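The figures here come from the full heavy-atom set of this structure, side chains too, leaving out hydrogens, waters and symmetry mates. Numbers for residues simply follow the sequence, beginning at 1. These numbers were taken from a predicted model, which means no experiment stands behind them.
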Amino acid sequence: MVSEIGFLFLTIVLVISSFSFFQLLISGTNYSTDFFNQIKLSNLIFVLTLFSFICLTYSFAISDFTLNVIASNSNSQLPIIYKLTGVWGNHEGSILLWLLVMTFFGFIFSKNNLASHYFKNDVLKIQNSLCFLITSFIVFTSNPFEKTYPPPVEGGDLNPLLQDPGLVIHPPFLYIGYVGFSIIYSISVAGLSNQKKELFIDVLKPWVFISWIFLTCGIGLGSWWAYYELGWGGFWFWDPVENASLLPWLTASALLHTIVIAAKKKILINWTIILSILTFVLSLLGTFLVRSGVLVSVHAFANDPKRGVYILLLLALISFFGIFKYLKNYDGPTNPKQIHMISREGMISLNNIFMLSLTFTILLGTIYPLFSSVLFNSKISVGAPFFNSILMPVMLPFAVGMIIGPYVKWGKDDLFLIFKRVQTLLILFFFISLLVWYLNYKDPILSIIFIILGSWIIASSLFEIFQFINIKKRIFNIPKKIFAQVLAHMGIGLLIIGATGSTVMKKEKIQFQEIGESIKIKNYDVKFLGIKKVEGPNYLSQMGIFNIKNNNKTVKILKPEKRFYNSGKQVTTEAAIYSTLLGDLYIAIGDVHQNKKQYTTRIWFNPFTIWIWIGVFFLALGGLFSFFNSLARKK
C-alpha cells in the first residue's frame, strides 16, 4: 500500500507541475495571464515529491520485493544502511532523487527575499516546468513504483561497488550540485525578460556559489571513492561518467568568475546568462550519457535506449527554450565598456576562454566514439592519454592567470606596474623552483614542472595575504573575498601537486607473491603474511595480511580484500591504503596461483595523493566563504 501512495504522490506532482508548464507555453501570447500562484505550486510540488521519496525509501527498508526496482537492486541480506542508500543506487531511484533536489531548490527559492514577487513568480514558473518534464520522464519511462508479479521470495543485489560508505554521501552531494544549476538556469532565463538585466545578478550569485560548492564536493568524493574502491590504483580514469560531471564544473567555474565581474562592473551580463544556460545543458547532457547506456562506464546503471531518446528530447527542448529566450531578448551588449586585456577583467576573461576550450575538447573526446560508431561504423576508444595531452598545455596559461590575476587592477593596468608589485614574488618563485628541483631532480621532468607550477600558485596565494597584511596592517580582518580567493587558488595548487604525484611519479609493482615474501617499493618493505577468510554480512572475503615496514620498523598492517558477494555472485577488490603527507602505499590482492602458494599482488606508491583531497577541501572552503560573502553583501 505504501508504494501505491508513493506513486499517487508522484502522479499528483505531474498534474500540478503541468499547470506551470501550460502557463509557460502560453506566456507572451494574448491569452497569457497568471492563473496560478507559482510560489504555492512550488511548495506543494516539493512536499509531494518528498513524501513520494519517503515511500520509496520505506519500501527499500522493508524489502518490498513487489517493486521491480527493489527486487532487482536489493535483498534481505543487505545491511540496512545500503538498503536505504540503495534508493539512489539504481536508475529509477536516482532520477527520483534528482527530482526531489530540483523541487527542493524551487522551494528554497520561493523563500528568497531578494527577488520581487513578479520575478520570483517568473523563475518558479520555469523551475516548476522543469520539474514537470523530469516527472513525466519518471512516470512514463522510469517509474520506481512499477510492480512485478509474482514477487520473488528474495531480491537481486545492489551493485557491490555501490555498497560502500562513500556512496552514502557522494550521490546526494553530486546531485545537489548538478541539479542546483536548474535554478540558475531558471533565474537566468527569467532575467532575460527584465529591461535591466543586471538586476538579476545579485539574486543569481549565491545560487552559483552553493551549486559549485556541492558539485566540487561531489566530484571530490567520487574520485576518492574510485581511488580506494575500484582497486586500480588511480583517483581519476577519464571515465565518461567522470567527464560528465567535470564538464559542468568547468563551465560553472567560468561562471563563478564571470559573475564576480558582472556584479562589480555591470558588464558581461549576457555572457553570464550564456554560461548559466550552458552549465545546466551540460548537466543534462551528462545525465543523457550516463542514463542512456550509449557509453559504457563502471559508474553507469542504465542501459535503455528509450530512456536515452527521452532524455535527448528533454535536452533539446530545454536547450532550445533557453537559446530562443536569449535571442528573443538580445538587444546588444548590456554595457558597451571595452575590457582591456591587461586588467583583472581581462585576466578572468582569458581564463574563461581556456576553461571553455578545455570543456569542449573533453566533450569532443567523450562523445566522438559515438559519432564514429554511428557515422563510420568503426569502434574507437578515447582514453587517458588523449585527455592528459590536452589538459597539460592548458594548465600553464591557466596557472599563470591564477598567479598574476590577483595582482592586476580592475579597469586598466600597466605591465611595468604589475612587475613592480610581483618582483618580490618572482624572487620567491626562483628559490621555490630550485628547492623543488633539488628534492625531485631524479623524477621525470614533467613532474618537476607541474610541482613547481602548483607550488607557485600556493606561494602567490599566501603572498597575497601577506601583502594585504603589510599594506593594511590588519591581521584578523582580512576580507572574505580575498580569503575565499586565496583558499580556492591554493586548492588548485594542491590538486596540481597531488595529481602530478599520483600519475607521473607513481611506482607500481605487480607480481606473484609468496606468503612470507617481502617486496621493496620506495622506502617501504611490504611483507605478505598470509590469507585470512572473513565472513561479512552478505559476502565472503579473502583478506590478505601485509606487514609494512619503514626503516626496519613496522608502521602499519594493511588488509586488502577480495570479496565474493552471495546474492549476485559478484567479485570485488577492496584495496588497502596507508596514507602519509608524502604519499600513499596502495595494495590490492588478486587470484591465487596454480601452485596455491602464491597470490597476485599489486603494490603502488602514489606520491602526494592526499593533497588531492586536501585541495578539494580548500576549494570547497573558498567557495563557502564566497557564498557567505555574497549573502552578507545583500543584507
Side-chain angles (χ1 to χ4, degrees), residues 253-254 256-269 271-272 333 335-358 392-437 448-475 477-494 496-497 622 626 629:
S253 298
L256 202 72
H257 290 81
T258 302
I259 203 167
V260 172
I261 303 176
K264 187 176 181 69
K265 296 290 184 178
K266 307 304 178 188
I267 57 176
L268 297 180
I269 306 296
W271 184 234
T272 300
N335 195 320
K337 286 183 183 178
Q338 182 182 359
I339 295 178
H340 294 279
M341 181 57 67
I342 305 175
S343 66
R344 182 77 66 89
E345 302 95 309
M347 297 294 287
I348 292 174
S349 299
L350 195 60
N351 262 13
N352 270 2
I353 292 171
F354 285 124
M355 278 192 277
L356 287 177
S357 300
L358 185 61
M392 288 175 183
V394 173
M395 283 308 300
L396 184 60
F398 180 74
V400 170
M402 280 195 293
I403 292 167
I404 303 299
Y407 302 98
V408 180
K409 289 184 177 180
W410 294 98
K412 190 176 182 181
D413 210 337
D414 182 83
L415 283 174
F416 179 73
L417 293 176
I418 295 171
F419 176 77
K420 283 190 70 176
R421 285 182 217 121
V422 300
Q423 58 184 350
T424 305
L425 188 59
L426 293 175
I427 296 170
L428 181 62
F429 284 172
F430 174 74
F431 286 107
I432 288 173
S433 303
L434 285 179
L435 179 63
V436 171
W437 178 83
I448 296 173
I449 292 171
F450 278 97
I451 290 176
I452 287 174
L453 204 59
S455 301
W456 282 3
I457 294 172
I458 295 167
S460 68
S461 300
L462 293 174
F463 186 77
E464 187 181 358
I465 293 283
F466 173 79
Q467 193 178 54
F468 177 86
I469 294 171
N470 192 42
I471 294 172
K472 302 291 185 180
K473 308 299 181 184
R474 287 153 45 189
I475 299 176
N477 198 21
I478 299 170
K480 288 189 183 72
K481 63 179 181 180
I482 293 181
F483 209 59
Q485 177 181 284
V486 166
L487 285 171
H489 286 187
M490 283 179 66
I492 293 293
L494 292 170
I496 291 173
I497 293 172
S626 294
N629 187 49

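Remark: K412 pairs with H340 by the side-chain contact (heavy atoms from CB on, under 4.5 Å) rule, at least two apart or across chains. For S455, the side-chain hydrogen bond (donor to acceptor under 3.5 Å, both in side chains) criterion is met by no residue, not counting sequence neighbours. Partners of F430 according to the side-chain contact (heavy atoms from CB on, under 4.5 Å) rule, which considers only residues two or more places apart in sequence or in another chain, are L434. Taking the ring-ring contact (aromatic ring centres under 6.0 Å, His included) definition, one finds that F483 meets it with F625, sequence neighbours left out. S253 pairs by the side-chain hydrogen bond (donor to acceptor under 3.5 Å, both in side chains) definition with W212, not counting sequence neighbours. Residues forming a ring-ring contact (aromatic ring centres under 6.0 Å, His included) with W437 (at least two apart in sequence, or on another chain): Y441. Contacts of L425 classified as side-chain contact (heavy atoms from CB on, under 4.5 Å), with partners at least two apart in sequence or in another chain: Y407, V422, L428, F429, S460, F463.
Between the R344 side chain and the G411 main chain, no donor and acceptor come within less than 3.5 Å of each other.
One finds the CE atom of M392 at 10.0 Å from the CD1 atom of I449 (value rounded to the nearest 0.5 Å). Distance CE/M402 to CD1/I457: 3.5 Å, rounded to 0.5 Å. If you take CD1 on I448 and CG on L453, they are separated by 13.5 Å, rounding to the nearest 0.5 Å. Put simply, CD1 on I432 and CD1 on I451 are 13.0 Å apart, with the number rounded to the nearest 0.5 Å. Interatomic distance, OG of S461 versus CD1 of I403, reported as 8.5 Å (0.5 Å rounding).
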Under 3.5 Å, which donor-acceptor pairs do the side chains of residues 346-356 form with other protein atoms, sequence neighbours left out?
| residue | atom | partner | partner atom | Å |
| --- | --- | --- | --- | --- |
| S349 | OG | E345 | O | 2.8 |
| N352 | ND2 | T258 | OG1 | 2.5 |

Kindly list each side-chain donor-acceptor pair under 3.5 angstrom involving residues 484-493, sequence neighbours excluded, with atom names and distances?
| residue | atom | partner | partner atom | Å |
| --- | --- | --- | --- | --- |
| Q485 | NE2 | E464 | OE1 | 3.0 |
| Q485 | NE2 | E464 | OE2 | 2.8 |

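Between L415 and I342 there is a side-chain heavy-atom pair separated by less than 4.5 Å. Using a 4.5 Å cut-off on side-chain heavy atoms (C-beta onward), I458 and L494 make contact. For the pair F419/L426, a side-chain contact is recorded, criterion being any heavy-atom separation below 4.5 Å from C-beta on. Annotation: side chain of W410 is in contact with side chain of I261 (closest heavy-atom distance under 4.5 Å).
Contacts classified as side-chain hydrogen bond (donor to acceptor under 3.5 Å, both in side chains) and involving residues 417-434 (residues at least two apart or in different chains) are given here: D413-R421, S433-W456.
Minimum heavy-atom separation, I269 to A262: CD1-CB, 3.9 Å. Nearest heavy-atom pair across P393 and P397 is O-CD, 3.1 Å.
The number of heavy-atom neighbours closer than 6.0 Å to CE of M341, taken from other residues, nucleotides and ligands shown, is 12 or below.
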